[in-house]
Amino acid sequence: MTPVVTLDRVTKTYGEVVALDEVTLAFPRGRFVAMMGPSGSGKSTLLHCAAALDPPTSGSVMIGDVDVSRLSETRRTELRRKHVGFVFQSYNLMPTVTVEENITLPLRLAGVRPDRAWLGELVDRVGLRGRLRHKPTELSGGQQQRAAIVRALAARPDVVFADEPTGALDLRSAAQVLELLRELVDELGQTVVMVTHDPAAAACAHDTLVLADGKVVDVLNAPSPEDLAVRLARLSRESVA
Ligand code: ADP
Ligand code: MG
């Protein structure tokens with residue numbers, strides 16, 4: 001089966017800074033992949049390139065069988081709206097409109113009629129049925145992040161990228177969000193790629209990629225949180241040294 005996203009020798013530079021250095025990898029369908037690495041190792045840049053939010057400086061990014069790196073910005077946006085969901089650490093909900101309007105906003109922007117049955121199923125799954133008419137600020141952080149996850153899934157994307165989705169949450173809400181992401185993978189076959197700082201969070205994923213200096217340095221299958229913590233501590237010391 002074609003991977004959901006394939007990166008081939010992807011390099012991203014910002015002036016002198018090489019944020020990604022010839023990264024080649026594929027995200028297979030239906031997997032939950034965690035991404036870890038020291039601060040500045042290129043995790044967010046990799047996510048943004050893989051999600052077609054940012055074009056690479058060189059190399060190619062394929063979403064399904066479409067080469068994103070060759071598309072105009074307009075086409076890239078269209079492709080993203082259809083095929084990619086994104087979850088941010090800070091939720092990024094619009095404060096002035098209700099939770100329901102937030103969830104359907106990307107669909108309306110794409111000119112797509114919301115699939116009410118699907119949205120209803122998602123809303124029930126994340127326990128926000130009674131909160132749809134509230135404004136985001138009236139919700140807890142965990143509830144806001146779950147609303148953001150529903151928004152990311154509304155268009156039935158092929159892949160959901162999440163950049164430190166539990167970074168702003170207390171332990172209990174973080175655990176709920178991780179459990180939800182894992183459930184989406186196990187029960188709906190959703191592909192999820194998540195950046196995290198927390199080895200325990202990575203343990204919820206199938207595989208963990210470890211980045212350092214813009215390169216993937218490890219691909220680990222279900223590593224233990226203890227092994228990951230040791231590996232990351234060593235990389236962080238090396239990147240400071
Ligand atoms: P991570 O998410 O692993 O902390 P990033 O992908 O955000 O790392 O950043 C990787 C490198 O690229 C860092 O050195 C960072 O300073 C640099 N970088 C990221 N985005 C930009 C940008 N928009 N302009 C300039 N440098 C950037
Ligand atoms: Mg980052």
To the nearest 0.5 Å, atom CG of Leu53 lies from atom CZ of Arg76 at 8.0 Å

Nearest heavy-atom contact between Leu169 and Gly142 is CD2-N, 3.6 Å

Worksheet entry | Sub-4.5 Å side-chain heavy-atom contact between Phe86 and Asn92 | no

Margin query: Looking at Gln176 and Val126, would you say the former's side chain and the latter's main chain have a donor-acceptor pair under 3.5 Å?
Written below: no

Leu139 and Leu93: same hydrophobic cluster, using ILVMFWY side-chain contacts below 4.5 Å? yes

Nearest heavy-atom approach of Val23 to Gly214 is CG2-O, 3.3 Å

dist Asp158:CG -> Phe27:CZ (nearest 0.5 Å) comes out at 14.0 Å

One should read off an interatomic distance between Glu183 CD and Leu178 CG, to the nearest 0.5 angstrom, of 12.0 Å

Quiz prompt | Whether over 12 other heavy atoms sit under 6.0 Å from Glu138 CD | solution = yes

ring-ring contact (aromatic ring centres under 6.0 Å, His included) filter on His83, not counting sequence neighbours, yields none

Output for pair (Met35 CE, Thr208 OG1), nearest 0.5 Å, gives 10.5 Å

Problem - Check: Thr6 side chain, Ala26 main-chain N or O, donor-acceptor pair, under 3.5 Å - result: no

Between Phe88 and Gln145, the two heavy atoms sitting closest are O-NE2, 2.8 Å

Taken in chain and number order and not counting sequence neighbours, the residues that satisfy salt bridge (Lys or Arg N to Asp or Glu O under 4.0 Å) with Asp207 are Arg31

Correct closest heavy-atom pair for Asp213 and Asp21 would be O-CB, 4.3 Å

So side chain to side chain donor-acceptor pair (under 3.5 Å) across residues 38-54, not counting sequence neighbours, yields Ser44-Asp163

Hey, are the side chains of Val177 and Met194 touching, using non-hydrogen atoms and a 4.5 Å cut-off? no

Exercise. Report yes or no: do Phe32 and Leu211 belong to one cluster of Ile/Leu/Val/Met/Phe/Trp/Tyr joined by side chain heavy-atom distances under 4.5 Å?
Key: no

Practice prompt. Measure from the side-chain N and O atoms of Arg108 to the backbone N and O of Glu101, and report whether any donor-acceptor pair falls under 3.5 Å.
Written response: yes

### Message
Looking at Glu187, I want to see if its CD is surrounded by more than 12 non-hydrogen atoms of other residues, nucleotides or ligands under 6.0 Å.
### Response
yes

Item to check | Contact check, side chains of Val210 and Leu228, non-hydrogen atoms, under 4.5 Å | outcome: yes

Shared hydrophobic cluster for Phe161 and Val192 (ILVMFWY, side-chain gaps under 4.5 Å): no

Do Leu132 and Thr98 make a side-chain contact, defined as non-hydrogen atoms from C-beta onward lying under 4.5 Å apart? no

Is the closest basic N to carboxylate O distance between Glu100 and Arg116 below 4.0 Å? yes

Report task. Decide side-chain contact (heavy atoms from CB on, under 4.5 Å) for Arg113 and Leu107; before the verdict, give the C-alpha distance in whole Å, the side-chain angles of both, and the deciding distance to 0.1 Å. Result -> CA-CA 7 Å; Arg113 186 192 299 273; Leu107 295 174; over 6 Å; no

inquiry  = For a side-chain contact (heavy atoms from CB on, under 4.5 Å) check, start with the C-alpha distance between Leu181 and Val87, then their side-chain angles and the critical distance, and finish with the verdict.
reply    = CA-CA 11 Å; Leu181 291 172; Val87 177; 5.8 Å; no

**Prompt:** Val5, Val66: one ILVMFWY side-chain cluster at the under-4.5 Å cut-off?
**Reply:** yes

Report yes if the side chains of Leu180 and Ile149 come closer than 4.5 Å at any heavy-atom pair, otherwise no.
yes

Worksheet item: His206 side chain to Val33 main-chain N or O, any donor-acceptor pair under 3.5 Å?
Response: no

With a 4.5 Å cut-off on side-chain heavy atoms, are Val193 and Val4 touching? no

side-chain contact (heavy atoms from CB on, under 4.5 Å) with Ser58: of Leu20, Thr13, Thr11, only one passes, and it is Thr11

Between Leu232 and Pro199 the two heavy atoms that sit nearest each other are CD1-CG, 4.5 Å

Item checked: Residue pair Leu128 / His134, side-chain heavy-atom distance below 4.5 Å -> no

Exercise. Passes side-chain contact (heavy atoms from CB on, under 4.5 Å), Met36 versus Asp218? Steps please.
Worked result: CA-CA 10 Å; Met36 302 196 76; Asp218 284 318; over 6 Å; no

Hydrophobic cluster membership, with links at side-chain heavy-atom distances under 4.5 Å among I/L/V/M/F/W/Y: are Val84 and Leu79 in one?
yes

When every non-hydrogen atom of Leu109 is compared with those of Arg81, the smallest separation belongs to O-NH1, 3.7 Å

Asn102 side chain to Met94 backbone, donor-acceptor under 3.5 Å: yes

Report yes if some heavy atom in the side chain of Leu184 is under 4.5 Å from a heavy atom in the side chain of Val160; otherwise report no. no

So NE2 of His197 and OG1 of Thr166: to nearest 0.5 Å the spacing works out to 10.5 Å

In this structure, OG1 of Thr57 is separated from NZ of Lys12 (nearest 0.5 Å) by 4.5 Å

Between Val217 and Arg231, does the side-chain contact (heavy atoms from CB on, under 4.5 Å) criterion hold? Intermediate values first, please. CA-CA 11 Å; Val217 292; Arg231 178 73 174 123; 3.9 Å; yes

